[in-house]
Each structure stands twice: as C-alpha cells, then as structure tokens.
Undergrad: 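Shown below is the structure under consideration.
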Amino acid sequence: MHNQSRSKYNSHLIKLIVALIVAGGLGYFARQVFMPASMGTYGHYRGDDIVDQLNVPIRLQTNESCFQCHRPIRQIHKEGIHNSVSCEICHGPFGDHIQDGKKVGVLPVKKGKEITQLCLRCHNKVIQARPRKSIKMIGLPEHLEQKGVRVDHTCDQCHMVHDPLLWINQAKRMMGIKEAI
Amino acid sequence: MIDIKKEIERDRRAFIKKVLGGSIAGSLLLVLPAGAVDIAEQIPGMREEKAVFTAKRFAFVVDITACIGCGSCCVADKAEYNVPDGHYRTWVERYIIDDHDNVFVDCPDGGLHGYIRAREGLPHPTRDTFFVPKLCNMCEKPSCVQVCPVGATYQTKDGFVLVDKTRCVGCSYCIQACPYSVRFISPATHTAEKCTWCYHRVRKGLLPACVEVCPVHARKFGDLNDKNSEVYKILHEPHVISVLKPDMGNKPALHYVGLRREVV
C-alpha cells in the first residue's frame, strides 16, 4: 500500500519535471529565434545598433567643405561679417549636392523676395526676444525709406549677401565718406 | 607660305593635344571621386577613439542670452535627418513675460521658418523676452530607457540615449515618460524618434549639425573631460547655469546659460 502511493507520487513528479524541461526548451528555442544575436552585448539592447547609428549618413557638412570647390566665394565670405553663417542654411544641405565626392544635384538659388525672407530670419526688428546686443536689426519698410530707395527693393540689391557690407564699404570709400555705418 | 602652313600645323597639334588632355582630365574628374571630403576634426581627439564607447563625457550648452531665434538649427536638423513634416527633433520656443508675470510661449512650426511676426495682443507691456532652443536632454538617468519594454531605447556607456529602429514596436511609453517631450512617433517608420546629439557626426569628430550652423554660437557642444573645451570652461566658471526640470531627477547633460525660472 505504502509503496504504491510512493510510485504514484514519483510519476507526478516526473511528469512535472518533463513538462518544465519541455517548456524551458521551448522558451530557449523561442529566445534563440526571436532575440537578435547581439542583444545584451553591452546591456539590455541590440549591440549592433551602435554600428547602425554610426552609419547614419552625414548630410550637412561644414562651410570648409563647400569652399573646397567654391573658392572665389571663400575669401568674400570669410572676410565678411557673415562668416559665422552656414552656407547650407540658405543653399540647402551638402548631401543633396555631393555624394561620395560626386555631384548628384544642383542646389536651388534663392532669388528676390526669398532672399529678403532669409535675411529677415535673423535681422527682423519686430520679433521680440532677440538679445539687445547682438546682430544689427532692421525694420522693413522703415530701413528702405530711411535709405531713400524704393520699398519693393530686395536686400541683395544693396547688400552682397555673402558679405553684406562689401559693396556699402566700397561705395563709401569711393565717395570719401568716413563715418561708421 | 610654308612657314605659315607649319605654324598652322603646330597650332592644330597643340590645339588637339589641349582638347584631348582637357577632355580626359574632365572625364577623370567625373569618374574619380574628388577625394573624400576631408573636414578638420572639430572635437579634439575624437578620431583616435576606436573603442565601441568613447572615454569622453559629452555636454551640450545652450546660451539663451545669445540665441536670436533664427531657426537655423531647426533647418539643419530637418535637412540632416529628413525629419517628417510636423515633427521636430529640435525646436525653438519664444517666451514673452509681461510686467504682471504672465508667461506667453509660442513656437510657430517649431521655429523651422524662423519667427516672422511679432507676438501681438499682449495685455501688458513686456518685461522679459527670450528664445529657448529645445532638444534631447541626454539624461544621466533617462526615464525613457527605463520604460522601454523591448530594449529599443538604450543608453550607451558614453552617455548617448539612442533608439534602435529595428527593435522599437512603437508603443509610445517613452513618449509619455520623457519629461521634456523630445520624442515622437515617426509617421514613416512608426517607431520612436528623437534627437541623438548627432551621434554619427560626433563619433566621426564633427560637431552636431545644429551646433555647426548656429550663426551666433548659442549652441555649444564638447567633452567635459577635456579641460580646454568650451563647455568645460562654461560649466566651471561663474555663469547662471541651469537644467530643465531639475526636480524630475533625470540629471540632464543639456545645460542652459541664462535660463529663467519660468521656462519649463
């Protein structure tokens, strides 16, 4: 009697152990199938993603990258007060123009009112919140009226966009005007 | 007569030589890559770092007293990552505080097209007004990483919090967890996306795109282990420096110079 109950008990235990092993095996199999290989290399994430993140293409470069080919503008831009302005903000990203050292597209040239719009991004006087001691602020059309030109003039008709004071200073020198702008 | 013929003959030869040479050189220029664009290292010692994780401690400093709100950073960011319309990895908010201490904040198109109009209809005269550029805070204790159920968002040993696009299931837990609202679900991939401080650029020794294009140098990025770096100097000198929502305990690595208490 005693032995019988004992054997019965054992069979239950064996069934339980077998079920656990099978479940564990299935779990392990599922883990192997569904978990990426590099998961947990450095922490609870896919280690290979670091490489994926590194391979995101660089689309924006520096002004120096543009100047490697566009030499003449380099001198003007570097000597002017706009030397901290990035080429790519007005002209578009380097990646749309050059890829792997080859020209792949032409960047659009801004014209007329688009140029005024670009200038006003930084130089618009009516926008509150600009620090007081910073770049020169301009109100339109007051500035045009004050300078005695037509109010439909665009900025680039007087200011060379890559060095805004280049022509102004040249004209002043020619006219012998000495006062600061 | 013979002399002239000889002369013409020579000229012709020279001309043909020049044309041939020119066309060969020209076609070579098209075929050969014009030398990989070699940009000087902008983060000192970055290109020597070959290990998976750098030994650097990066910090980002935004100078609110310098920002003019031109939105160049937003343009650069959108161009670098082709960020879908209506979503922003970085944006610039305009704060206007009147003399009754009412705070007015606006941010048309995330500042992507700059600020075109003045804020009108304010009941009282303005007391204080400034721009606040926002981006990922790269928290030392990121709550987004903690809540991610699939290990898609993680923190590298050198402090970057990144999103693995292939793991993300788009459950948006991280978007709710982020105290700074820097995350969004990309409509293209249906996965979480956010500013990475331009991890791919930084690891190649370049500055983040927004730092590179800022015309007034309001955004600064560098290594705190390097005592000559600008961010080290700013954080170790007497400035009014603060982080956003310090009470959340996330310990951001993004610091603001001249941050007002009204900014959230």
Undergrad: Assess the residue pair Lys204(B) and Ile58(A) against the criterion (side-chain contact (heavy atoms from CB on, under 4.5 Å)); give the C-alpha distance rounded to whole Å, side-chain angles, the decisive distance to 0.1 Å, and a yes or no.
TA: CA-CA 10 Å; Lys204(B) 286 162 197 152; Ile58(A) 294 178; 3.8 Å; yes
Undergrad: Is Arg167(B) in contact with chain A via its backbone, its side chain, both, or neither, using a 4.5 Å heavy-atom distance?
TA: side chain
Undergrad: Just to be sure I understand the criterion: a residue of residues 103-111 of chain B counts if one of its heavy atoms is under 4.5 Å from a heavy atom of chain A. Which ones qualify?
TA: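 Checking residues 103-111 of chain B against chain A gives Gly111(B).
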Undergrad: Heavy-atom distance under 4.5 Å to chain A: side chain of Leu122(B), backbone, both or neither?
TA: side chain
Undergrad: I'd like to know which of Asn124(A), Ile50(A), Asp48(A) tops the heavy-atom pair count under 4.5 Å against chain B.
TA: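 Of Asn124(A), Ile50(A), Asp48(A), Ile50(A) has the most heavy-atom pairs under 4.5 Å with chain B.
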Undergrad: So for Leu118(A), is it side chain, backbone, both, or neither that comes closer than 4.5 Å to the heavy atoms of chain B?
TA: neither
Undergrad: Is the backbone of Ala79(B) close enough, under 3.5 Å, to the side chain of Arg59(A) for a donor and an acceptor to pair up by distance?
TA: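 Judged by distance alone, yes, a pair lies under 3.5 Å.
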Undergrad: Quick one: salt bridge (Lys or Arg N to Asp or Glu O under 4.0 Å) partners of Lys56(B), sequence neighbours excluded?
TA: Glu49(B), Asp223(B)
Undergrad: Give me the ring orientation class for Tyr42(A) and Phe53(B): parallel if the planes are under 30° apart, tilted from 30 to 60°, perpendicular past 60°.
TA: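 Plane angle over 60°, so perpendicular.
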Undergrad: If you round to the nearest 0.5 Å, how far is CG of Asp52(A) from CG of Asp164(B)?
TA: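 Result: 7.0 Å between the selected atoms.
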Undergrad: Counting neighbours of CD on Gln146(B) that are heavy atoms of other residues, nucleotides or ligands and sit closer than 6.0 Å, is the number greater than 12?
TA: no
Undergrad: In terms of heavy-atom pairs under 4.5 Å, which option from Leu120(A), Val85(A), Val126(A) contacts chain B the most?
TA: Val126(A)
Undergrad: Is the NZ atom of Lys110(A) crowded by more than 12 outside heavy atoms at less than 6.0 Å?
TA: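 Atom NZ in Lys110(A) is crowded, with more than 12 foreign heavy atoms closer than 6.0 Å.
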Undergrad: List in chain and number order the residues that pass ring pair (Phe, Tyr, Trp, His ring centres under 6.0 Å) with His159(A), two or more places apart in sequence or in another chain; answer none if no residue qualifies.
TA: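 Partners of His159(A) by the ring pair (Phe, Tyr, Trp, His ring centres under 6.0 Å) criterion come out as none, since no residue qualifies.
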Undergrad: Look at atom CZ of Phe67(A) and say whether more than 12 heavy atoms of other residues, nucleotides or ligands are closer to it than 6.0 Å.
TA: yes
Undergrad: Minimum heavy-atom separation for Ser72(B) to Ile89(A), with atom names?
TA: O-CD1, 3.3 Å
Undergrad: So what's closer than 4.5 Å to chain A heavy atoms on Ala152(B): side chain, backbone, both or neither?
TA: neither
Undergrad: Around atom NZ of Lys113(A), are there more than 12 heavy atoms from other residues, nucleotides or ligands closer than 6.0 Å?
TA: yes
Undergrad: Applying side-chain contact (heavy atoms from CB on, under 4.5 Å) to Leu162(B) and Tyr45(A), what does each step give before you reach the verdict?
TA: CA-CA 10 Å; Leu162(B) 303 170; Tyr45(A) 58 93; over 6 Å; no
Undergrad: Which one, Leu207(B), Ile116(B), Val216(B), Thr196(B), leads in non-hydrogen pairs under 4.5 Å with chain A?
TA: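 Among Leu207(B), Ile116(B), Val216(B), Thr196(B), the one with the most close pairs to chain A is Ile116(B).
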Undergrad: If you look at every heavy atom in Cys122(A) and Cys70(B), which pair is closest and at what distance?
TA: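 The pair with the smallest heavy-atom distance is SG-CB, 3.3 Å.
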Undergrad: Do you know which of Val202(B), Asn82(B), Thr156(B), Ile64(B) has the most heavy-atom pairs under 4.5 Å to chain A?
TA: Asn82(B)
Undergrad: With a 6.0 Å cut-off (strictly less than), is the heavy-atom count around CD of Gln75(A), excluding the residue itself, greater than 12?
TA: no
Undergrad: Evaluate the side-chain proximity of Thr62(A) to Gln42(B): yes if any heavy-atom separation is below 4.5 Å, no if none is.
TA: yes
Undergrad: Quick check: do Glu212(B) and Glu88(A) have side-chain heavy atoms less than 4.5 Å from each other?
TA: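 Glu212(B) does not reach Glu88(A) side chain to side chain.
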Undergrad: Go through the atoms of Ile68(B) and report whether side chain, backbone, both or neither lie under 4.5 Å from a heavy atom of chain A.
TA: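 Both backbone and side chain of Ile68(B) come within 4.5 Å of chain A.
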Undergrad: Identify the heavy atoms of Arg121(A) and Gly71(B) that sit nearest to each other, and give their distance.
TA: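 In terms of heavy atoms, the two residues are closest at NH2-O, 3.3 Å.
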Undergrad: Determine, stepwise, if the pair His44(A) / Val145(B) fulfils side-chain contact (heavy atoms from CB on, under 4.5 Å).
TA: CA-CA 10 Å; His44(A) 183 57; Val145(B) 171; over 6 Å; no
Undergrad: Name the option with the most non-hydrogen atom pairs under 4.5 Å to chain A; the candidates are Thr126(B), Thr166(B), Val150(B).
TA: Thr166(B)
Undergrad: With a 4.5 angstrom heavy-atom cut-off, which part of Cys67(B) approaches chain A: side chain, backbone, both or neither?
TA: backbone
Undergrad: Is Arg94(B) close to chain A through its backbone or its side chain, or both, or neither, when contacts mean heavy atoms under 4.5 Å?
TA: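 Contact with chain A is through the side chain of Arg94(B) alone.
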Undergrad: Rounded at 0.5 Å granularity, tell me how far CZ in Arg117(B) sits from CD1 in Ile127(A).
TA: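 The CZ atom of Arg117(B) sits 8.5 Å away from the CD1 atom of Ile127(A).
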Undergrad: For Cys198(B), is it the side chain, the backbone, both or neither that has a heavy atom under 4.5 Å from a heavy atom of chain A?
TA: neither
Undergrad: Using a cut-off of under 4.5 Å for heavy-atom pairs, which of Lys103(A), Gln53(A), Glu64(A) has the most such pairs with chain B?
TA: Gln53(A)
Undergrad: State which residues pass salt bridge (Lys or Arg N to Asp or Glu O under 4.0 Å) with Glu145(A); sequence neighbours excluded, sorted by chain then number.
TA: none
